[in-house]
Amino acid sequence: MEKNKPIIAILYDYDKTLCTQDMQNYGFIPSLGMVPEDFWRLANSFGWREKMDGILAYMYTMIAECRRRGVPFTRDTLRRCGRSISLFPGVEDWFARINRFGESLGVEVEHYVISSGLKEIIEGSSIAGCFKEIYASEFYYNEEGEPVWPKMAVNFTTKTQFVYRINKGVLDVSDDKTLNASMPDDSKRVPFTNMIYVGDGLSDVPCMKMMRAYGGQAIAVYQAVSRPGVEQLLRDGRVDFIFPADYREGTDLENTMKLILRKIAVSHFLEEEAADQLRRIQQEER
């Protein structure tokens with residue numbers, strides 16, 4: 001009887017991890033006739049003044065500024081904004097390359113996004129189809145396709161719930177009952193030891209700490225301007241590795257990712273062989 005392939009999950013932040021800046025900066029904010037600095041200053045000051053979660057504050061500011069300026073704002077307009085996202089070098093074909101390498105090891109690689117950005121914008125990007133699931137902030141829309149309420153707000157600490165969802169295989173965000181139910185470790189779909197988190201900074205620290213606490217791996221990528229902060233993450237033991245945000249074939253990032261995948265695969269198959277030997281001995285003793 002053929003055994004199921006072990007699953008390895010790679011979890012990504014999106015802004016400044018896969019793309020070069022905050023995703024709203026590419027298409028949405030220019031559509032308001034604003035520059036990113038002014039929009040984020042407005043959203044952040046509103047949040048501080050009203051003592052509001054920062055994610056909810058920027059989502060509200062998006063709606064309010066579109067209404068004030070008479071700019072159309074629908075699910076479709078957000079998805080169109082995703083077309084203008086600028087990805088880091090090599091991201092476009094990264095997922096196919098990593099998947100092929102996983103297949104060569106006898107494992108299945110799955111990719112997930114866990115982002116405080118907007119799901120609708122990510123869905124409009126060229127790599128949306130590469131992910132098994134996209135967990136990100138999202139609006140609820142009325143019959144005209146206009147946003148009327150936050151459907152999901154993913155802040156820095158709530159990101160961790162999605163790590164648990166992937167771990168247990170409870171991917172439906174409306175299913176809290178199954179998520180919180182007790183589940184034996186050996187029945188969880190993706191063990192923490194089979195997870196790799198890729199982020200870029202302090203907003204990813206809760207997920208990175210989870211990886212290191214439970215046996216997974218954490219990688220931080222950086223641009224020149226963010227390198228000092230990422231180096232501090234390494235000094236503080238928040239991440240296992242840091243690399244420039246260059247996903248092209250043959251880079252240190254790709255080579256190290258392949259080494260991690262190989263290590264996970266070898267560990268799995270060695271554990272499986274040991275368990276098989278023990279079962280055979282126990283059967284012979286009966």
Side-chain angles (χ1 to χ4, degrees), residues 8-31 35-37 39-40 55 58 62 75-102 109-138 154 156 159 162 196-204 207-208 217-227 229-230 233 239 241-258 260-261:
I8 299 175
I10 308 178
L11 289 48
Y12 306 84
D13 181 35
Y14 201 92
D15 295 344
K16 301 172 188 172
T17 295
L18 297 173
C19 65
T20 59
Q21 55 183 314
D22 292 328
M23 64 184 70
Q24 295 87 345
N25 295 1
Y26 298 102
F28 175 76
I29 294 174
S31 76
V35 296
E37 293 78 10
F39 174 84
W40 292 113
I55 308 304
Y58 92 66
M62 291 177 73
R75 186 196 301 270
D76 288 339
T77 60
L78 283 181
R79 284 181 173 166
R80 284 197 291 273
C81 289
R83 300 173 189 170
S84 60
I85 284 177
S86 177
L87 301 167
F88 284 119
V91 168
E92 289 276 1
D93 60 352
W94 162 267
F95 306 98
R97 280 186 278 118
I98 295 301
N99 291 347
R100 285 195 299 270
F101 184 74
V109 180
E110 296 178 347
H111 305 271
Y112 296 83
V113 167
I114 305 178
S115 170
S116 295
L118 285 172
K119 184 176 183 179
E120 297 91 331
I121 295 180
I122 298 172
E123 287 175 337
S125 69
S126 60
I127 57 173
C130 299
F131 304 108
K132 183 172 180 66
E133 195 68 56
I134 298 171
Y135 293 117
S137 302
E138 185 179 4
V154 180
F156 307 153
K159 281 185 173 186
F162 304 107
I196 306 154
Y197 187 90
V198 185
D200 67 276
L202 289 175
S203 66
D204 302 299
C207 289
M208 291 171 169
Q217 300 279 310
I219 297 173
V221 298
Y222 61 84
Q223 303 176 73
V225 67
S226 62
R227 180 169 181 166
V230 168
L233 292 178
V239 296
F241 307 100
I242 63 172
F243 298 104
D246 186 344
Y247 294 77
R248 287 175 292 188
E249 189 170 6
T251 59
D252 289 343
L253 172 58
E254 185 193 60
N255 293 337
T256 301
M257 180 64 75
K258 287 181 175 180
I260 295 170
L261 295 176

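These values consider heavy atoms only, across backbone and side chains, with no hydrogens, waters or symmetry-generated copies.
Atom CG in Asp93 sits 9.5 Å away from atom SG in Cys130 (nearest 0.5 Å). Atom-to-atom distance recorded for Glu120:CD and Phe28:CZ is 11.0 Å, nearest 0.5 angstrom. In this structure, CZ in Phe101 is found 6.5 Å from CG in Leu261, a value given to the nearest 0.5 Å. We find the CD-CD1 distance between Glu92 and Ile127 to be 7.0 Å, quoted to the nearest 0.5 Å. Here Trp94 contributes atom CH2 and Leu18 contributes atom CG; the two are 9.5 Å apart, rounded to the nearest 0.5 Å. Met208 CE to Lys159 NZ: the interatomic distance, rounded to the nearest 0.5 Å, is 8.5 Å.
Partners of Asn99 by side-chain hydrogen bond (donor to acceptor under 3.5 Å, both in side chains), not counting sequence neighbours, listed by chain and number: His111. Qualifying salt bridge (charged side-chain N to carboxylate O under 4.0 Å, His left out) partners for Asp252, counting only residues two or more places apart in sequence or in other chains: none. With sequence neighbours excluded, the residues that form a side-chain contact (heavy atoms from CB on, under 4.5 Å) with Lys132 are Glu110, Tyr112, Leu171, Arg189. For Phe162, the ring-ring contact (aromatic ring centres under 6.0 Å, His included) partners are Tyr135, not counting sequence neighbours. With sequence neighbours left out, the ring-ring contact (aromatic ring centres under 6.0 Å, His included) criterion links Tyr14 to no other residue. Considering only residues two or more places apart in sequence or on other chains, Asn255 meets the side-chain hydrogen bond (donor to acceptor under 3.5 Å, both in side chains) condition with none of them. Legend: residues meeting salt bridge (charged side-chain N to carboxylate O under 4.0 Å, His left out) with Asp200, ordered by chain and number and at least two apart, are absent. Contacts of Thr251 classified as side-chain contact (heavy atoms from CB on, under 4.5 Å), with partners at least two apart in sequence or in another chain: Asp246, Arg248, Leu253, Glu254. Annotation: side-chain contact (heavy atoms from CB on, under 4.5 Å) contacts of Pro30 (sequence neighbours excluded): none. Residues satisfying the salt bridge (charged side-chain N to carboxylate O under 4.0 Å, His left out) criterion with Asp15, sequence neighbours excluded, are absent altogether.
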>> Evaluate Ile122 against Ser115 for side-chain contact (heavy atoms from CB on, under 4.5 Å), listing each step before the verdict.
In response: CA-CA 9 Å; Ile122 298 172; Ser115 170; 4.2 Å; yes
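Between the side chain of Ser137 and the backbone N or O of Val154 there is at least one donor-acceptor pair closer than 3.5 Å. At distances below 3.5 Å, not a single donor-acceptor pair connects side-chain atoms of Tyr247 with backbone N or O atoms of Phe95.
Annotation for Lys119 and Ile134: closest pair CE-O, 3.6 Å, computed over non-hydrogen atoms. Counting all heavy atoms, side chain and backbone alike, Ile55 lies closest to Ser116 at CD1-CB, 3.7 Å. In this structure, Ala136 and Leu118 approach most closely via the heavy-atom pair CB-C, 4.1 Å. Contact between Ile114 and Tyr197 at its shortest, heavy atoms only, is O-OH, 4.2 Å. Nearest approach of Val198 to Thr17, heavy atoms of both residues: O-CG2, 3.5 Å.
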Could you go through residues 217-226 and list every donor-acceptor pair under 3.5 Å that involves a side-chain atom there, pairing it with any protein atom two or more places apart or in another chain?
| residue | atom | partner | partner atom | Å |
| --- | --- | --- | --- | --- |
| Gln223 | NE2 | Thr20 | O | 3.0 |
| Ser226 | OG | Gln223 | N | 3.0 |
| Ser226 | OG | Gln223 | O | 3.1 |

Could you go through residues 79-89 and list every donor-acceptor pair under 3.5 Å that involves a side-chain atom there, pairing it with any protein atom two or more places apart or in another chain?
| residue | atom | partner | partner atom | Å |
| --- | --- | --- | --- | --- |
| Arg79 | NE | Glu123 | OE1 | 3.0 |
| Arg79 | NH2 | Glu123 | OE1 | 2.8 |
| Ser84 | OG | Cys81 | O | 2.8 |

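Between Phe39 and Tyr58, the distance separating the two ring centers is not shorter than 6.0 angstrom.
Side-chain contact between Leu202 and Phe156 is absent, with no heavy atoms from C-beta onward closer than 4.5 Å.
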